[in-house]
Amino acid sequence: MPYSRCLLAVVACYLSLACQAFVSPIGIHSTSGTITGSARYFPTTSTSAMRGLSTYNGIVRNPISKTLPLELAVDAKFRLYSDLSDTDREDINSDSSLEAPPRITEIVSAALLVAGTTVGGGFLALPSVVARSGFYPSTTILLSVWVYFLSQSFILVECINRTKQQQQQSVSSTSSPPGVAAVAKSVFGTKGEVVIGILLAVLIEATLVSQISRVGMLFPNYAIGCIISAFSIAAIVFGPKSGISFASKANTVLTTLFLSSAACVFASGVGIADWSRLGSSTNWAAAPSVLPTFLQLLVYGEILPTICQLLKYSTKHIYGAITFGSFLTLCLQMGWSALGIALVPDALSLDPVNVLLAGSGPVKIPLFALAITAILTTILGSYLALLSTANDFINKGRTAKGDDDDNDDASQPAEEIKEADNSFGQRVKVGALITVPATMIASTSPSVFLKAIDFAGSYPVLLLWGVIPPMIAIVQRKRESESGSGSGSGGGGPKSNDIVTRTSGPSGWLLTLGAISLVAVGINAIQDVTSFASKILLT
């Protein structure tokens, strides 16, 4: 078929990225005084040895974008971070004023990661969903949901940054960045961390199963398509040592392909679309029925810990990336909803994607590329979210082990015990744990797609990303007020001995969002109970 060539081109593109995943050279760039590579090395040479290394204001950079005072260079050799004295290590970790701000390329990459994670296989079915109540009522609901999730994401970012600050101040903390489960632990304790972590993992796995199933439908052989797509993206995420950084670059490539395909679809379809169909059917009473679907299509909370890590916990840059990435997705969703309804006479009963792919019009090939790249970016984002959750539990076990070992051998530094294991074998284990179950379930049958979507319904979305973030933020703020700490700046990353500024709004606004989420859960529960009771009475 014609679009199979397009499929092979897209697959070849991101497979070539996977081939580069295992190359991570280490070298010294004499023009900038920067050491690059995957290991946390930094130069500790004598003053005479530093003459061949260009510096700026007596500062040299290490590979994690920290800057080190030249006074720390006391030995004529390279040393591991874990070999430093406690005083030097504290100076490096606590002085966030030396943290280099995120580059514009990193901000754009983070924004595209938000957009790529949000846009998935469900995006393709939007015209059929919007047709239930009409374009204009559905667009109003879609815009409201976008504002809702944007506000909730700001709250979750505040919680993540505050948890990161607490980790920096804690002697027993791990070196890995906090995920949603670690944030939950700060308020709900260990049991709450486990419950939230399991709920989050199950929800993302369900999303992952649905996306792998959907992309498999685009291949001539369904099972082989599921396996190729799942494991090739897994190689990009779990293959390189700098997995998150490399996966972010791969996502930028896939999202760029997606945006290019979307532009081609709109350019090909605008001239042949019947735009009068947008106002032909308007049913405001049916608008609430599309809310659960929109909640699933616009959620991106699972990727926020990764965004915070990529942008070095700089609040203003994180907010900017989230706003731009989510708004880009909103525009694409509204545009595709309008175009799909305008191109297909009966978008309510027919899937516009299947109708357009089965035809021979100019939209066919770019639409196929749009479909596969939309799904692959969501699979990549789901892998990163599950990796963050898995690291929370792995670090939990490592911390417990480190505490036990400290009791047996007090001379061994706790930081060495708790340094995250990023070996190839560990990455393969975590990658297999995340990839294999979802792929096995998805490859059983194409019907798994709808079942997985139904499983990841509005209840877990509203609870995880609507009720819990305001609750955590309010409790964290209360504890900070009671501790009598100072105030932070909010513009940069978390600072030692400072409160993370309440950047997501006053506590009253947080309570309002939490109340709205609880009301939405209650309304959905009433509707489901009523529908279930009606079916029983009819039988």
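Within the structure, the ring-ring contact (aromatic ring centres under 6.0 Å, His included) test picks out the following pairs touching residues 124-151 (sequence neighbours left out): Trp146-Phe327.
Shown are Leu208, Val237, Leu254, Thr435; of these, the side-chain contact (heavy atoms from CB on, under 4.5 Å) with Ile379 is made only by Leu208. Just one residue in the list Leu126, Val129, Leu298, Val145 forms a side-chain contact (heavy atoms from CB on, under 4.5 Å) with Thr293, and that residue is Val129.
With Ser133 contributing its side chain and Ala286 its backbone, the two residues share no donor-acceptor pair below 3.5 Å. Thr378 contributes a side-chain N or O that, together with a main-chain N or O of Gly116, makes up a donor-acceptor pair within less than 3.5 Å. A distance-only check finds no donor-acceptor pair linking the side chain of Tyr383 to the backbone of Phe238 [under 3.5 Å]. Judged by distance alone, the side chain of Gln309 and the main-chain N or O of Pro177 form no donor-acceptor pair under 3.5 Å. No donor-acceptor distance shorter than 3.5 angstrom exists from the side chain of Ser109 to the backbone of Thr105, with no hydrogens or angles considered. Not one N or O on the side chain of Glu106 forms a donor-acceptor pair closer than 3.5 Å with the backbone of Leu311. No donor-acceptor distance shorter than 3.5 angstrom exists from the side chain of Tyr300 to the backbone of Ala115, with no hydrogens or angles considered. A donor-acceptor pair under 3.5 Å links the side-chain atoms of Ser186 to the main chain of Val183, judged by distance alone. Put simply, the side chain of Thr256 gets close to the backbone of Thr252: a donor and an acceptor are under 3.5 Å apart. No donor-acceptor pair under 3.5 Å is formed between the side chain of Ser388 and the backbone N or O of Ala385.
For the atom pair CG (Leu112) and CG (Leu259), the distance works out to 6.5 Å, reported to the nearest 0.5 Å. For the atom pair Ser507 OG and Ile474 CD1, the distance stands at 6.0 Å (nearest 0.5 Å). Separating the CE atom in Met217 from the CD1 atom in Ile375 is a distance of 8.5 Å, to the nearest 0.5 Å. Taking CD1 from Ile434 and CG from Leu387, the interatomic distance works out to 5.5 Å, rounded to the nearest 0.5 Å. Of the inter-residue distances, the one linking Leu462 atom CG with Gln152 atom CD reads 9.0 Å to the nearest 0.5 angstrom. Atoms CG and CG, from Leu142 and Leu330 in turn, are 5.5 Å apart once rounded to the nearest 0.5 Å.
Every side-chain contact (heavy atoms from CB on, under 4.5 Å) that Pro178 has, sequence neighbours left out, goes to Ile160, Thr163, Lys164, Gln167, Ala182, Tyr313. Residues forming a side-chain contact (heavy atoms from CB on, under 4.5 Å) with Thr140 (at least two apart in sequence, or on another chain): Trp284.
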Please walk me through it: do Thr255 and Thr377 pass side chain to side chain donor-acceptor pair (under 3.5 Å)?
CA-CA 7 Å; Thr255 306; Thr377 52; 5.2 Å; no
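In this structure, the side chains of Phe258 and Leu370 come closer than 4.5 Å at one or more pairs of heavy atoms. Residues Val180 and Thr389 form no side-chain contact, since every pair of their non-hydrogen atoms from C-beta on lies 4.5 Å or further apart. Annotation: side chain of Phe294 is in contact with side chain of Ser138 (closest heavy-atom distance under 4.5 Å). Side-chain contact check for Leu203 versus Trp465: some heavy-atom pair is nearer than 4.5 Å.
Here Arg477 does not pair with Glu480 in a salt bridge; the nearest charged N to carboxylate O distance is not below 4.0 Å.
Atom CZ of Phe324 has 12 or fewer neighbouring heavy atoms from other residues, nucleotides or ligands inside a 6.0 Å radius.
For the residue pair Asn161 and Thr315, a side-chain donor N or O sits within less than 3.5 Å of a side-chain acceptor on the partner. Side-chain contact annotation: Ser382 with Thr207, donor-acceptor N/O pair under 3.5 Å absent.
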